[in-house]
Amino acid sequence: MPFQNSSATTHRPRLILSGVMVVLLLLVVVIVSVAVLSSGRKATPGSSPAQWKGDGTTKHLQEIVLGRCYNFIATVNPELKDIDCLQVWQGLQNAIAYRDPCSTTEEDYRPLVDLASHFIPCNKSLFWSKTKDLVHRFTKANHDFLTLEDTLAGYIADELSWCGDLASPGINYQSCPKWSECENNPSTIYWKMASKMFAEAACGTVQVMLNGSIETGAFRNNSFFGGIEVPNLNPDKITEMHIWLIHDIDRPQRESCTGPSITTLKNILTSRKISVSCEENYRPVQLLQCASNPDHSTCKLCPYTTQ
Ligand code: N1C
């Protein structure tokens with residue numbers, strides 16, 4: 001019979017017991033750290049939100065987004081009456097709440113954008129860059145054209161600010177990151193995605209209202225129009241782009257239809273097989289400028305009369 005080690009047999013249960021205790025202790029440590037960490041990320045009432053350089057989330061964001069959505073489907077475009085505005089709001093909320101506002105992805109907005117996207121009739125799409133106020137005065141007066149803000153996705157978000165925060169309540173009402181602080185912030189990614197969707201949906205003849213009084217050029221590659229919309233136009237669906245080059249009525253005319261940045265845009269479009277035309281101070285738009293500046297020299301019916 002082999003020699004039996006009696007001390008080994010008596011120590012084994014003790015060893016097993018202390019092993020189990022170590023495992024239990026480790027388990028407790030892990031559970032406690034997870035609880036502490038997640039309470040740090042989520043519900044720490046009173047903990048201050050991260051500080052950024054941009055405006056914080058617009059107060060009453062939920063009420064504004066819901067109100068705009070219901071208004072849009074009831075009065076602006078009743079064909080969309082079946083859209084569930086509560087889900088639209090939840091799509092926005094889920095994309096930002098309790099999330100790092102510098103790590104937003106297009107996927108975060110996918111459910112919202114899928115819910116909010118809708119048909120845009122051919123020949124109506126109107127893009128813009130640095131003419132925001134004027135272009136929207138124009139589409140209010142002329143229903144032949146639609147900007148992104150005249151679609152549900154643009155309408156609910158226009159002029160609002162929003163971002164999340166890791167601490168409770170999950171939304172930062174104090175400040176939000178500017179583009180210079182991080183590119184993947186909630187509003188930049190939202191406008192990127194909405195602009196892309198708007199450009200992809202365009203068909204027939206499309207128009208863009210550009211500002212000929214901008215020092216850096218009316219067309220800029222790194223704008224939403226130049227960087228997102230132009231590359232996402234579908235040449236199989238678009239026949240032509242009309243450029244309306246508008247000069248601010250009280251600022252110098254810095255660029256004409258033959259200027260350098262307009263030439264760049266024309267080259268990009270023609271290389272993509274989209275024909276292009278350009279018109280300076282398109283009259284229906286200039287008349288709107290004149291409505292708010294009736295005494296300006298360019299607004300006189302007979303500019304050469306002396307009286
Ligand atoms: O960078 P831009 O102009 O060229 O962007 C304008 C272009 C339009 O054709 C729109 O379809 O991109 C779309 N778009 C918006 O609709 C929009 N509404 C509000 C892009 N940006 C939009 N904003 C905000 O204005 C957004 O915060 C962004 O930073 C500015 C872009 O304005 P811009 O430089 O005059």
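This is a predicted model, so every value here is computed, not measured. Position 1 is the first residue of the sequence; numbering continues from there. Indexing begins at 1, ligand by ligand and atom by atom, following the structure's order.
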**Study point:** Plane angle bin for Trp244 and Tyr282 - parallel if under 30°, tilted between 30 and 60°, otherwise perpendicular
**Key:** parallel
Counting each atom of ligand 1 from 1 as listed, which ones have a heavy atom of [X] under 4.0 Å away?
X      : answer
Lys132 : 18 (N), 19 (C)
Leu148 : 11 (O), 13 (C), 15 (C), 16 (O)
Arg220 : 34 (O)

Between [X] (side chain only) and [Y] (backbone N and O only), is there a donor and an acceptor less than 3.5 Å apart?
X      : Y      : answer
Ser261 : Ala218 : yes
Ser175 : Trp52  : yes
Asn281 : His247 : yes

Review point. Is the closest side-chain donor-acceptor distance between Glu149 and Thr147 under 3.5 Å?
Key: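 On atom types as modelled, these side chains qualify, holding a pair under 3.5 Å.
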Check your understanding: Just checking, any donor-acceptor pair under 3.5 angstrom between side chains of Asn267 and Thr264?
Key -> no
Check your understanding: Who gets closest to atom 24 (C) of ligand 1 by heavy atom: Tyr190, Phe219, Phe225, Trp191?
Key -> Trp191
**Study point:** Option whose closest heavy atom lies nearest to atom 21 (N) of ligand 1, chosen from Phe198, Phe224, Phe127, Trp179
**Key:** Phe224
Exercise for review: Quick one: closest heavy-atom pair of Leu61 and Ser161, and the distance?
Suggested key: CD1-O, 4.2 Å
Check your understanding: Any idea which heavy atoms bring Ala116 and Leu152 closest together, and the distance?
Key -> O-CB, 3.8 Å
Point to revise | Any non-hydrogen protein atom less than 4.0 Å away from atom 30 (C) of ligand 1 | key: no
What is the closest protein heavy atom to [atom], and at what distance does it sit?
atom                    : answer
atom 4 (O) of ligand 1  : Ser129 OG, 2.6 Å
atom 10 (C) of ligand 1 : Glu229 OE2, 3.3 Å
atom 32 (O) of ligand 1 : Trp128 CZ3, 3.7 Å

Check your understanding: Looking at side-chain heavy atoms only, is the closest gap between Ile246 and Gln286 below 4.5 Å?
Key ->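 No. Closest side-chain heavy atoms not under 4.5 Å.
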Exercise for review: May I ask you to identify, for Ser223, whether its side chain, its backbone, both or neither come under 4.0 Å of ligand 1 on a heavy-atom basis?
Suggested key: both
**Study point:** Side chain, backbone, both or neither: the part of Glu159 lying under 4.0 Å from ligand 1 by heavy atom
**Key:** neither
Check your understanding: So, does Ser195 sit close enough to ligand 1 that a heavy atom of it is under 4.0 Å from the ligand?
Key -> yes
Practice item. Would you check whether Lys130 has a nitrogen or oxygen atom less than 3.5 angstrom from a nitrogen or oxygen atom of ligand 1? Key: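 Yes, at least one N or O pair falls under 3.5 Å.
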Point to revise | N/O separation below 3.5 Å, Glu149 to ligand 1 | key: yes
